[in-house]
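Throughout, numbering of the chain's residues begins at 1 and tracks the sequence. Only this structure's heavy atoms are used, side chains among them; waters, hydrogens and symmetry mates stay out.
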Amino acid sequence: MSIDRFILRKLNTCQEEHTRANLVRLFVIRIRKAEIAIEHDAAYVISKVH
């Protein structure tokens, strides 16, 4: 199971507010890292074309 799916499953079942907040923060960090990686890949492809 991927870490993202694990985080989402835990968010669905977690009752403790502090733990839920930490899971949300972790998920946001993972989304931002993925966005940066996509932007980096796109910049690499564009620079390679020119």
Side-chain angles (χ1 to χ4, degrees):
M1 177 185 329
S2 76
I3 186 71
D4 298 328
R5 213 172 330 170
F6 174 81
I7 293 169
L8 290 173
R9 273 185 59 200
K10 289 295 180 185
L11 275 170
N12 283 335
T13 59
C14 182
Q15 299 293 317
E16 210 280 314
E17 188 174 329
H18 183 69
T19 303
R20 284 184 61 82
N22 286 336
L23 287 167
V24 169
R25 278 190 219 116
L26 179 60
F27 201 60
V28 168
I29 290 168
R30 292 187 56 77
I31 291 169
R32 287 182 184 153
K33 284 180 74 173
E35 289 173 340
I36 290 168
I38 290 170
E39 290 170 2
H40 182 266
D41 288 345
Y44 174 75
V45 170
I46 291 171
S47 66
K48 197 171 183 182
V49 170
H50 287 111

Engineer: Go through the steps to decide whether Glu35 and Ile31 satisfy the test side-chain contact (heavy atoms from CB on, under 4.5 Å), and finish with yes or no.
Structural biologist: CA-CA 6 Å; Glu35 289 173 340; Ile31 291 169; 3.9 Å; yes
Engineer: Nearest 0.5 Å please: distance from the CG atom of Asp4 over to the CZ atom of Arg30.
Structural biologist: 4.0 Å
Engineer: Between side-chain atoms of residues 18-29 and protein atoms elsewhere (two or more places apart, or another chain), which donor-acceptor pairs fall under 3.5 Å?
Structural biologist:
residue, atom, partner, partner atom, Å
His18, NE2, Asn22, ND2, 3.4
Thr19, OG1, Glu16, OE1, 2.9
Arg20, NH1, Leu11, O, 2.2
Asn22, OD1, Arg25, NH1, 2.5

Engineer: How long is the gap from CG on Leu8 to CZ on Arg5, to the nearest 0.5 Å?
Structural biologist: 9.5 Å
